[in-house]
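Worksheet: one structure, shown below.
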Amino acid sequence: MQNIKDVLNLESVGKTVHLRGWVYRIRTSGKLTFIILRDSSGMVQLLSSARSLKEDEHKELSSLVIESSMEATGVIREDKRAVTGYEVELSSYKIYQRNDNFPISRDLGEEFLLDNRHLWLRSREFSAVLKIRSTIFKAFTDFYYENGFYQVQPPIMVSTATEGGSTLFKVPFFGDEVSLSQSSQFYLETFIFSLEKVFTIAPSFRAEKSRTRRHLTEYWHAEAEVAWVDNEGMMEIEERMIEYVVSSVVRENEEELRLLGRDVEFLKNIKAPFPRIRYGRLMEMAQEWGLNLKYGDDLGADEEREITVHFDKPVFVTHYPSSLKTFYHRPDPDNPDEILCHDLLAPEGYGEIIGGGERIWDLDLLKKRMVDYNLNTEDYYWYLDLRKYGSIPHSGFGLGLDRLAMWIMHLDNIREAIPFPRTIRRTKP
RNA sequence: GCCGUUGUAGCUUAGCUGGUAGAGCACUCGGCUGUUAACCGAGCGGUCGUCGGUCCGAAUCCGACCAACGGCGCCA
């Protein structure tokens, strides 16, 4: 058996090829039947006729419907009339399943496709999404391995909140209750005392009742934590990682990007370094652009969109006022009202894809901040222990891989970037 | 949590100020020896989201409910 892509070349012409896959299109014209066969690698036109097959064999093939599965043997030749430039004249075949009519046809509603996502995965469009996603996950991992990081595996069932209790998913646990992880950050911090540079890719769960194009209740969270690195050093690692991931997709998946209509030239220009803008300066710029924002306001979706259209690269926003971020961020020693943190906003209106920064590593300050946030320090005993024994400066970040994928592919909704989206109103298929 | 939109055949939909449901695709059958989302002809397919109300009469008007979608806030 061969992959379709591997036989679409001049060396194969005149040879007998053995293929298997699914019927992508079928149409008859008189005594000829054209079957477009697809497999994971591509598609090719098959020709069935009474010339090279028995009459009843040709008839059986002509009755196949879309997405039937089959095996095909025949001689391949060049033919400009066929979709991919080659055609296989069938000499024998095997049908695995001649199915009933496939539910998905040419008229497609958004809701219907979501209900039939398990079948829509077979489409050319979604196959391209899946291939690009695969590259993104591999490239992210490769980048950190190449830079001396260790991959670690934090728990998913946890008993401490990272981002505030109201968005926790509660799960029964032998008469007790646990939560699904919102972020692996605190656990990642435990690993740096032995491994120094660590990363993970794990699902995170947020019970936020969000109904937006950029939120999922279950999403793939890529996180890293690094010993001895400050806020600026962390941003340097992140921008090199983003460049690495984007250039990997451009190199491996140019065909898929074009199928999705993505402007590949735009992606080729995504090179580090990325601009850094302090929050205070951004507020001044926003006012110059006519936005109704003042110091102390958080960036809403509209503001992020307005801001990021002014850039053709991702942009870091740093030094937020401490009132806008959660307790573990380290205050700037030069200006304690601001914190040493950064968000990375994707361009073209996509907005936040990374949140990161320097962590508080002083025990007393961390305790004080937790008390300010009404957190029970006893629950976080293990997190506080990290500041008791050999505490060090360190930084980290969290990246929404589905958001990154959404931006790279220029999709309208994050649901189109993940095979089986979980949102407030969808747990099937 | 808040605001909005939509629900008619397997899919995409038309249906005006109420008068008894129409099309395209898919599928089945027939035609065509070069099709490209083929084309041509025929057939199959609907308790108009659910429940209730108004009316001689409701897909259409009113109410409640359900579901999905879109947006805000929150975040990655």
Side-chain angles (χ1 to χ4, degrees), chain A residues 24-36 43 45-52 58 62-67 79-85 87 89 98-116 119-120 123-124 162-164 166-167 181-185 201-223 238 297-305 324-326 343-346 350-356 397-407 412-415 417-418 423-426 428:
Chain A
Y24 178 72
R25 290 283 133 76
I26 180 164
R27 48 185 94 88
T28 63
S29 179
K31 298 282 185 285
L32 298 180
T33 295
F34 302 95
I35 296 171
I36 313 298
M43 52 180 67
Q45 176 163 293
L46 311 177
L47 175 66
S48 164
S49 76
R51 235 169 19 204
S52 53
H58 168 65
S62 302
S63 76
L64 288 177
V65 299
I66 286 174
E67 289 303 315
D79 194 320
K80 284 201 281 288
R81 293 168 296 189
V83 268
T84 45
E87 180 177 82
E89 177 150 14
R98 184 211 181 278
N99 41 246
D100 295 331
N101 57 321
F102 195 62
I104 300 176
S105 59
R106 78 179 188 194
D107 294 310
L108 312 163
E110 191 175 2
E111 187 183 332
F112 179 76
L113 289 185
L114 283 166
D115 288 337
N116 290 283
L119 300 175
W120 182 235
S123 67
R124 296 184 81 184
T162 314
E163 303 289 343
S166 64
T167 69
S181 173
Q182 304 168 302
S183 162
S184 304
Q185 179 194 319
I201 293 178
S204 278
F205 305 87
R206 301 278 169 100
E208 297 156 0
K209 293 184 176 172
S210 302
R211 297 194 44 74
T212 81
R213 68 182 70 177
R214 15 193 275 116
H215 283 85
L216 295 166
T217 56
E218 173 186 299
Y219 66 96
W220 286 90
H221 208 167
E223 295 174 278
E238 290 166 28
D297 291 344
D298 206 353
L299 271 51
D302 290 343
E303 289 79 25
E304 279 192 4
R305 208 169 299 131
L324 290 181
K325 295 284 179 182
T326 189
D343 283 354
L344 182 67
L345 309 184
Y350 279 86
E352 183 175 354
I353 54 174
I354 283 179
F397 77 90
L399 161 70
L401 282 170
D402 312 286
R403 283 190 180 175
L404 176 64
M406 178 190 177
W407 166 60
D412 293 333
N413 194 303
I414 197 165
R415 286 191 309 243
I418 184 169
T423 63
I424 181 170
R425 286 182 187 164
R426 182 171 289 279
K428 284 187 265 189

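Computed over heavy atoms, backbone and side chain alike; hydrogens, waters and symmetry mates excluded.
Here, B/G71 and B/C65 have their C1' atoms 24 Å apart, quoted to the whole Å. With both ends at atom P, the span from B/C69 to B/G31 equals 45 Å, rounded to whole Å. The gap from the C1' atom of B/A59 to that of B/A14 amounts to 12 Å, rounded to the nearest Å. If you take atom P in B/G63 and the same atom in B/A26, they sit 41 Å apart, rounded to whole Å. B/U50 and B/C66 have their C1' atoms separated by 7 Å, given to the nearest Å. If you take atom C1' in B/C25 and the same atom in B/A64, they sit 36 Å apart, rounded to whole Å. Rounded to whole Å, the separation between the P atoms of B/C72 and B/C56 comes to 48 Å.
Evaluation of atom-type donor-acceptor distances gives no pair under 3.5 Å for the side chain of A/T212 against the base of B/C75. Evaluation of atom-type donor-acceptor distances gives no pair under 3.5 Å for the side chain of A/E111 against the base of B/G7. Checked by distance alone, A/R403 brings a side-chain donor or acceptor within 3.5 Å of a matching partner on the base of B/C75.
Proximity note for A/Q45 (side chain, C-beta onward) versus B/C69, B/C75, B/G34: the nearest is B/G34.
Nucleic acid contact for A/E218: none, since no nucleic acid atom lies under 4.0 Å from a heavy atom of the residue. Within the nucleic acid shown, A/F112 comes within 4.0 Å of sugar-phosphate atoms alone, with no base atom in reach, counting heavy atoms only. A/D412 comes within 4.0 angstrom of nothing in the nucleic acid, heavy atoms only. If you check every strand for non-hydrogen atoms under 4.0 Å, A/L404 touches nothing. A/R98 comes within 4.0 angstrom of the backbone, heavy atoms only, and of no base. The residue A/S49 sits apart from the nucleic acid: no heavy atom pair falls under 4.0 Å. Using a 4.0 Å heavy-atom cutoff across all strands shown, A/A301 reaches sugar-phosphate atoms only and no base atom. A/I104 comes within contact range of no nucleotide atom at all, as no heavy-atom separation falls under 4.0 Å. Using a 4.0 Å heavy-atom distance criterion, A/L32 is classed as a base contact.
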Quiz item: What string of B, S and - do you get for nucleotides 1-6 of chain B 5' to 3' if you count protein non-hydrogen atoms under 4.0 Å?
Solution: B-----
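One can place CG of A/L113 at 13 Å from C1' of B/G10, the figure rounded to the nearest angstrom. Distance A/K80 NZ to B/U35 P: 15 Å, rounded to the nearest Å. A/D100 has its CG atom 19 Å from the P atom of B/C44, to the nearest Å. Distance NZ (A/K325) to P (B/A76): 6 Å, rounded to an integer number of Å. Separating the CD1 atom of A/I418 from the C1' atom of B/A76 is a distance of 12 Å, rounded to the nearest angstrom. The nearest whole Å value for the distance from the CD atom in A/E110 to the C1' atom in B/A68 is 10 Å. The NE2-P distance, from A/H215 to B/G71, rounds to 12 Å in whole Å. For the pair A/R81 CZ and B/U33 P, the interatomic distance rounds to 15 Å; values are reported in whole Å.
Taking A/Y219 as the reference, A/H221 meet the ring-ring contact (aromatic ring centres under 6.0 Å, His included) condition, with sequence neighbours excluded. For A/W220, there are no side-chain hydrogen bond (donor to acceptor under 3.5 Å, both in side chains) partners two or more places apart in sequence or in a different chain. Residues satisfying the side-chain contact (heavy atoms from CB on, under 4.5 Å) test with A/R51, not counting sequence neighbours, are A/L47, A/S49, A/R77, A/E89.
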Quick one: which protein N/O atoms are closer than 3.5 Å to N/O atoms of nucleotides 21-26 of chain B? Pair and distance per line, please.
| unit_1 | atom_1 | unit_2 | atom_2 | d |
| --- | --- | --- | --- | --- |
| B/G24 | O2' | A/R106 | NH2 | 3.3 |
| B/G24 | N2 | A/D107 | OD2 | 2.9 |

Quiz item: So what is the 5' to 3' dot-bracket string for RNA chain B, if pairs are Watson-Crick or G-U wobble with both distances under 3.5 Å, crossing pairs use [ ] and | means the partner sits on another strand?
Solution: (((((((..((((.....[..)))).(((((.......))))).....(((((..]....))))))))))))....
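Between A/I353 and A/L344, the closest side-chain pair of non-hydrogen atoms falls below 4.5 Å.
The nearest heavy atom of RNA chain B to A/D402 and to A/R25 marks one nucleotide each, and the one closer to the 5' end goes with A/R25. In terms of position along RNA chain B, the nucleotide closest to A/G109 lies nearer the 5' end than the nucleotide closest to the other residue of the pair A/Y219 and A/G109.
Put simply, A/R426 has a side-chain N or O that comes within less than 4.0 Å of OP1 or OP2 on B/C69.
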